[in-house]
There are 2 protein chains.
Amino acid sequence: MPHDSLRRFKADFFQALAHPTRIAIVELLREGELSAGALIERLGVEQANASQHLTVLRSKHIVVNRKVGNQVFYSVRDPLITEVLDVMRRYFYAHLTEGQAMLDEMKSEAVTLG
Amino acid sequence: MPHDSLRRFKADFFQALAHPTRIAIVELLREGELSAGALIERLGVEQANASQHLTVLRSKHIVVNRKVGNQVFYSVRDPLITEVLDVMRRYFYAHLTEGQAMLDEMKSEAVTLG
DNA sequence: ATCGTATATTCGAAGAAGCTAATATACAAT
DNA sequence: ATTGTATATTAGCTTCTTCGAATATACGAT
């Protein structure tokens, strides 16, 4: 099959986003960088677990980090990623009759994110 | 954590695309519907395997199918999905210094897909 | 040097996803 | 009714993912 290594690359990217916590991380970083600690607090998951998810996102170059003293600040590497999620938002919105509970969440999210 | 079921939904969607063969399927269906047989031939994978991947895409409503006699024709359900992949293409193109072999593939793919 | 805080890594268990081979279903044609 | 073709499903195995608990590293403060 041609284009195969390219498709592996694409699949890896999708795989990186294929977890609710990792989506939450990217969405939290929407407005700018946050420390690992701040992320963990907002995510409400185990420290080790969050760190593992950050490792996944880092390894696929979806987020980047910089160290400041004791802390590590994360941010999304490329605004295109946020844009991808925005296009997807339209998609999800168009098809959310397939899960009514989420529609309500979606509306309040719309208020938050504009 | 709020928005969580929505994020599960999104994650499921990404998960559905997190495999090279399934990406290939969606890309093959770009120009219109194809029978399962035609897909399998172009994919060059085991019949059962392709069928399983189609089941995954169907279960996440990414593709739909219609039966015609003996055959089953698949198509992408919503053009937005193709659009998502197009935005991603820009993303991949912007970051493909991380895998040089793919850049060449990408260029020939650009010829094919315009 | 020691202690505390922030973050990362490793390990082992549990579950999910993927593959192939085999079997099943559905329809067409004879 | 039987046979052939197209597609789907199941079973068993292997590999990948995720998690929490424990441990390690890095840095700052005392």
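So that the names make sense, note that chain A is the first sequence line, chain B the second, and so on, each numbered from 1.
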Geometric class of the His19(B)/His53(B) ring pair [parallel <30°, tilted 30-60°, perpendicular >60°]: tilted

Can you give me the closest heavy-atom contact between Ile23(B) and Leu17(B), atom names plus distance? CG1-O, 3.3 Å

Arg77(A) side chain vs His61(A) backbone, donor-acceptor pair below 3.5 Å: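 The answer is yes, because a donor-acceptor pair under 3.5 Å joins these two groups.
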
In whole angstroms, how far is the [atom2] atom of [N] from the [atom1] atom of [X]?
X	N	atom1	atom2	value
Asn65(B)	dT25(C)	CG	C1'	15 Å
Leu54(A)	dA6(C)	CG	C1'	13 Å
Lys67(A)	dA6(C)	NZ	C1'	10 Å
Glu41(B)	dT5(D)	CD	C1'	15 Å
Ile25(B)	dG18(C)	CD1	P	11 Å
Arg8(B)	dA16(C)	CZ	P	13 Å
Ile40(B)	dT9(D)	CD1	P	13 Å
Arg66(A)	dA6(C)	CZ	C1'	15 Å

Look at the side-chain N and O atoms of Tyr74(A) and state whether any lies under 4.0 Å from the OP1 or OP2 oxygen of dA6(C). no

What string of B, S and - do you get for nucleotides 12-20 of chain D, 5' to 3', if B is base contact, S is sugar-phosphate-only contact and - is no contact with any protein heavy atom under 4.0 Å? ------SBB

If you find the nucleotide of DNA chain D closest to Val68(A) and the one closest to Gln47(A), which residue's nucleotide is nearer the 5' end?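 With Val68(A) and Gln47(A) compared, the 5'-side residue is Gln47(A).
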
Would a 4.5 Å heavy-atom cut-off, applied to side chains only, mark Arg22(A) and Gln15(A) as touching?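 In contact.
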
So do Val76(A) and Leu57(A) actually touch side chain to side chain, heavy atoms under 4.5 Å?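 The answer is no; the side chains never approach within 4.5 Å.
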
Can a side-chain donor-acceptor contact be found between Thr55(B) and Arg58(B) if the only test is distance below 3.5 angstrom?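 Result is yes, a qualifying pair exists.
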
Per nearest nucleotide of DNA chain C, the residue lying toward the 5' end, Asn70(A) or Thr55(A), is Asn70(A)

Is the distance between the ring centroids of Phe13(B) and Phe14(A) less than 6.0 Å?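 Here the rings of Phe14(A) and Phe13(B) have centres that are no less than 6.0 Å from each other.
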
